[in-house]
Amino acid sequence: MPDEALINRTVSDAEASPNGLLERTLSILELLSDNAHGMLLFEIADTLHIPRSATHRVLTSLVEHGYVRQERQQGAYLLTAKIASLAFTFLTGSGITDFAQPILERLAHESGELVRLAMIDGKELVWVAKAQGSPHGLRYDPDMGQVGRLSCSASGHAWLACLSDEEALALVEKQGFGSRKEYGPRAPETKEAFLKYLRKTRKRGFSTVVQTYTPWMNATAAAIRHPKTKEVTGTVVIAGPDIRLTEERMLELSPALLDVAHELSLATIASPGLYGRGARTQVNIFDDSKNGSAK
């Protein structure tokens, strides 16, 4: 005879398990949001009491639609930036202020330029929020949700300068160098040129680029670090036209840029929207473009 306690536990598990495609999909998304480091298929299935075959079907669909990614074949599943991007798009369209928006607005007002917030999503930087500081004249305003080219963007340099040369080059080579024909006329197209930018960024503590991402557009960026682990979780960037946002002007704005990066670092502790890989178990923080973006 089967053990009565086992039968009761099995019945209880069945009652607690999500039923229906929508319920299972939402349960998986919620579970992954609480496990920023990712979970294996069997861990997800066992935690939610969903058959592994059904779990695999839901995950496959989420991967195909860009909401979940798998680190490698048979590896852990993680949420992508797409959900965060949708949330920020909603907040922007509805007028609801996000934790970072007042900070970005203040820097945009002070600089008179476009200010953008990017988050690290796996091995990419994705734009999730913005504030426009120029009320008139030339305004540079690329779409959110795009992935930045690491080799020639200010945001890419700010992030990769926090890594070793080997790690930085591996990420750039995986994504590919941005050519001057496709991006800006001063985009670094070789390892040597790219590493020169990283050395300058490390020395200053922030990056500056002049017409490397888009012709006649410049940008300066600083890394946002988790306040405890010091892991880079994103970047904050000031971008504007070359005629206005000169190298001298970028240097003048650097103290304000670094202050905002530090403020965003502290603010991320209270934000469940973005979080550093592996840090979700400690506090709720940030995790782990082309056409027309100066980052």
Side-chain angles (χ1 to χ4, degrees), residues 103-118 125 127 130-142 146 148-163 165 168-169 172 177-225 232 234-264 289-295:
I103 303 174
L104 301 180
E105 294 285 353
R106 190 176 71 246
L107 182 59
H109 177 75
E110 181 176 348
S111 65
E113 303 294 352
L114 174 69
V115 173
R116 298 183 73 85
L117 174 68
L125 274 173
W127 295 105
K130 64 183 177 182
Q132 180 60 259
S134 177
H136 52 75
L138 178 59
R139 295 178 60 170
Y140 179 68
D141 194 7
Q146 294 185 339
R149 181 67 60 171
L150 299 177
S151 66
C152 54
S153 65
S155 56
H157 294 180
W159 172 30
L160 299 185
C162 300
L163 307 178
D165 286 354
L169 284 172
V172 167
F177 279 89
S179 68
R180 294 183 176 183
K181 181 179 180 180
E182 190 176 5
Y183 290 87
R186 299 178 64 177
E189 297 179 305
T190 65
K191 294 180 181 180
E192 293 73 18
F194 169 70
L195 290 175
K196 184 177 181 180
Y197 273 99
L198 290 197
R199 286 192 292 270
K200 184 173 71 172
T201 299
R202 291 182 184 124
K203 184 176 181 180
R204 287 179 170 175
F206 58 93
S207 67
T208 60
V209 297
V210 175
Q211 299 188 58
T212 63
Y213 206 90
T214 305
W216 309 112
M217 299 299 302
N218 301 341
T220 179
I224 301 169
R225 291 178 177 269
V232 178
T235 62
V236 59
V237 184
I238 302 173
D242 179 70
I243 193 173
R244 200 167 60 209
L245 190 62
T246 62
E247 288 191 82
E248 182 180 7
R249 178 60 175 157
M250 288 191 283
L251 294 178
E252 291 175 355
L253 290 171
S254 62
L257 176 70
L258 292 171
D259 285 346
V260 163
H262 178 66
E263 190 172 354
L264 287 169
S289 280
K290 180 175 170 178
N291 299 325
S293 290
K295 302 170 180 79

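All values derive from a computational prediction rather than experimental measurement.
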Any side-chain to backbone donor/acceptor pair from [X] onto [Y]? Under 3.5 Å, distance only.
X      : Y      : result
Glu189 : Arg180 : yes
Arg186 : Gln211 : no
Ser151 : Gly178 : yes
Thr235 : Ala223 : no
Thr212 : Cys152 : yes

Discussion item. Contact between Thr201 and Trp159 at the side-chain level, heavy atoms closer than 4.5 Å - yes or no?
Written reply: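 No - every pair of side-chain heavy atoms lies 4.5 Å or more apart.
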Worksheet item: Just wondering, do Ile103 and Val115 contact through their side chains at under 4.5 Å, heavy atoms?
Response: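 In short, these two side chains do not touch, never coming nearer than 4.5 Å.
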Looking only at heavy atoms, what is the nearest atom pair of [X] and [Y], with distance?
X      : Y      : value
Leu198 : Ala161 : CD2-N, 3.8 Å
Tyr197 : Val209 : CE2-CG1, 4.3 Å
Arg249 : Glu110 : NH2-O, 3.6 Å
Leu163 : Ala168 : CB-N, 4.4 Å
Leu257 : Val236 : CD1-O, 3.6 Å
Leu245 : Ala239 : CD2-C, 3.7 Å

Practice prompt. Would you sort out whether Arg199 and Lys203 count as a side-chain contact (heavy atoms from CB on, under 4.5 Å), showing the intermediate values?
Written response: CA-CA 6 Å; Arg199 286 192 292 270; Lys203 184 176 181 180; over 6 Å; no
Worksheet entry | Qualifying residue for side chain to side chain contact (heavy atoms under 4.5 Å, CB included) with Thr220, from Glu113, His157, Met250 |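 Passing option: Met250.
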As an exercise, state the distance from [atom1] of [X] to [atom2] of [Y], rounded to the nearest 0.5 Å.
X      : Y      : atom1 : atom2 : result
Ile243 : Asn218 : CD1   : CG    : 11.0 Å
Gln132 : His109 : CD    : NE2   : 13.5 Å
Leu160 : Asp165 : CG    : CG    : 10.5 Å
Leu169 : Leu150 : CG    : CG    : 11.5 Å

Item to complete: Give the intermediate values and the outcome of side-chain contact (heavy atoms from CB on, under 4.5 Å) for residues Cys162 and Arg225.
Response: CA-CA 10 Å; Cys162 300; Arg225 291 178 177 269; 3.1 Å; yes
Worksheet item: In chain order, what residues pass the side chain to side chain donor-acceptor pair (under 3.5 Å) check against Thr208, with sequence neighbours excluded?
Response: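 In terms of side chain to side chain donor-acceptor pair (under 3.5 Å), with neighbours along the sequence ignored, Thr208 is linked to Arg204.
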Worksheet item: What do you reckon, is NZ of Lys196 surrounded by more than 12 foreign heavy atoms closer than 6.0 Å?
Response: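 For Lys196, atom NZ is not crowded (no more than 12 foreign heavy atoms under 6.0 Å).
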Worksheet item: Could you go step by step and tell me if Leu253 and Leu107 meet the side-chain contact (heavy atoms from CB on, under 4.5 Å) rule?
Response: CA-CA 9 Å; Leu253 290 171; Leu107 182 59; 5.7 Å; no
